[in-house]
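Naming convention: chains lettered A, B, ... in sequence-line order (proteins, then strands); numbering from 1 in each chain. Please read these numbers as outputs of a predicted model, since none were measured by experiment.
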Number of protein chains: 2
Amino acid sequence: MAKRVSLWNAGCPVARALDVIGDWWSLLIIRDAFDGVRRFNEFQAGLGIAKGMLATRLRGLVGKGVLDTAPASDGSAYREYVLTEKGRGLFLVIVALRQWGEDYLYRPGERRSSLVEARTDVPVGKLKLRSAKGRPLEWSDTRVTRC
Amino acid sequence: MAKRVSLWNAGCPVARALDVIGDWWSLLIIRDAFDGVRRFNEFQAGLGIAKGMLATRLRGLVGKGVLDTAPASDGSAYREYVLTEKGRGLFLVIVALRQWGEDYLYRPGERRSSLVEARTDVPVGKLKLRSAKGRPLEWSDTRVTRC
DNA sequence: CATATGAAGTCTCATAATGAGACCACTTGC
DNA sequence: GCAAGTGGTCTCATTATGAGACTTCATATG
């Protein structure tokens, strides 16, 4: 491979976002972080990722401000990886991927996890695009401006 | 590299979604498709992707039911790639990525494209997670069930 | 109609990224 | 103190990627 292309300067927020979290593992690491995973070995065991890859990815995500390291919350001398505010901003990306997966990649009755409201255990509602004033919008109602 | 890991059977819709569109180029191809790109050369020129990669990715996305091939809409003998309904379902994933990029990856005043309502040219509203009954939810109000 | 140009790929090659696992230093548990 | 656990680093074989030459058929031009 020649050096992997960077998309940072494309003027498109989608491209720039993918430049940060668009590789194979980053979003899975972030998903696990949302589910409460914090320690190196937890990520490694949960994802089945090679340790070298995980170390590289965690370093990258910390460097990009998506994760931060913190002293272990259980009082041990180890460190933990926690989402920054920027990282927590990716929640809707994970939710959108989840809802698409649920809608198009599972047969009815197939076992899968669900995102539920913690207080009631009721599945959350579907994401919906709305205008600035709150009116529901479809894809065909929108366009992307030239940058 | 050993053979790239597949996540299809993880029981997590996020993992399964990433198994389909989680690589470096697929979401960019899909983004361009949403912006009206349909022809091989348009994708290639717009993304700066190697032709071999593009051919592989397009074949893969067609095979996975995200894109479909159709006769060219301009009457020529060439074919086009168009989003299927399943592919159009990814719109909110693209929007979520875009909004995250806009919020955390650009300095104020930096040039970038925007997603606007076509009729009024007003930027669309922010995505928001809501409960099944429409009440706004934060990440901390939710949890993921074991599958 | 003959030729040139364009579209949509395929093929090959050098190089970068990945996965597996050995190895290492420091902590903890017992 | 010693074994096990944690959090990595290093190396190696293999795969994926990027660049670009080459091919085939379609369309444009004169």
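Applying the ring pair (Phe, Tyr, Trp, His ring centres under 6.0 Å) criterion to B:Phe40, with sequence neighbours excluded, gives no partner residue. Listed by chain and residue number, A:Glu117 satisfy the salt bridge (charged side-chain N to carboxylate O under 4.0 Å, His left out) test with B:Arg135 (two or more places apart in sequence, or in another chain). Partners of A:Asp141 by salt bridge (charged side-chain N to carboxylate O under 4.0 Å, His left out), not counting sequence neighbours: none found. The side chain to side chain donor-acceptor pair (under 3.5 Å) check on B:Asn41 picks up nothing, with sequence neighbours excluded. Residues forming a salt bridge (charged side-chain N to carboxylate O under 4.0 Å, His left out) with B:Glu102 (at least two apart in sequence, or on another chain): B:Arg98, B:Arg112. Contacts of A:Thr69 classified as side chain to side chain contact (heavy atoms under 4.5 Å, CB included), with partners at least two apart in sequence or in another chain: A:Val62, A:Arg79, A:Tyr81. In terms of the salt bridge (charged side-chain N to carboxylate O under 4.0 Å, His left out) criterion, residue partners of B:Asp103 (sequence neighbours excluded) are, by chain and number, B:Lys126.
Non-hydrogen atoms lying under 4.0 Å from DNA chain C are contributed by A:Ala50, A:Met53, all within residues 43-53 of chain A. Near-neighbour residues of DNA chain C inside residues 68-82 of chain B, defined by a heavy atom below 4.0 Å, number-ordered: B:Tyr78, B:Arg79, B:Tyr81.
In this entry the distance linking CG of B:Asp23 with C1' of C:dT18 reads 14 Å, nearest Å. Taking atom CZ on A:Arg57 and atom C1' on C:dG19, their separation rounds to 12 Å, with Å as the unit. Rounded to whole angstrom, the span from the CH2 atom of B:Trp24 across to the C1' atom of D:dA16 amounts to 14 Å. For A:Leu54 and C:dG21, the CG to C1' distance is 15 Å, given to the nearest whole Å.
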Can I get a per-line list of side-chain donor-acceptor pairs under 3.5 Å for residues 82-93 of chain B, giving both atom names and the distance, sequence neighbours left out?
| from | atom 1 | to | atom 2 | distance (Å) |
| --- | --- | --- | --- | --- |
| B:Thr84 | OG1 | B:Gly65 | O | 2.6 |
| B:Thr84 | OG1 | B:Val66 | O | 3.1 |
| B:Thr84 | OG1 | B:Lys86 | N | 3.3 |
| B:Thr84 | OG1 | B:Gly87 | N | 3.1 |
| B:Glu85 | OE2 | A:Tyr104 | OH | 3.1 |
| B:Lys86 | NZ | B:Lys64 | O | 2.9 |
| B:Arg88 | NH1 | B:Leu83 | O | 3.2 |

Considering only distance and modelled atom types, tabulate donor-acceptor pairs under 3.5 Å from the side chains of residues 27-37 of chain A, sequence neighbours left out.
none

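A cation-pi arrangement is absent between A:Arg39 and A:Tyr78, since the terminal nitrogen or guanidinium carbon is not both under 6.0 Å from the aromatic centre and inside a 45° cone about the axis.
Phosphate proximity of C:dT10 to B:Arg59: present, with a side-chain N or O under 4.0 Å from OP1 or OP2. For D:dA16, the OP1/OP2 oxygens have no side-chain nitrogen or oxygen of B:Trp25 closer than 4.0 Å.
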*asked:* Applying side-chain contact (heavy atoms from CB on, under 4.5 Å) to B:Trp100 and A:Val20, what does each step give before you reach the verdict?
replied: CA-CA 11 Å; B:Trp100 182 74; A:Val20 176; 3.9 Å; yes

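Both key distances under 3.5 Å define a Watson-Crick or G-U pair, and stretches of 3 or more such consecutive pairs in DNA chain D run C:1-30 with D:1-30.
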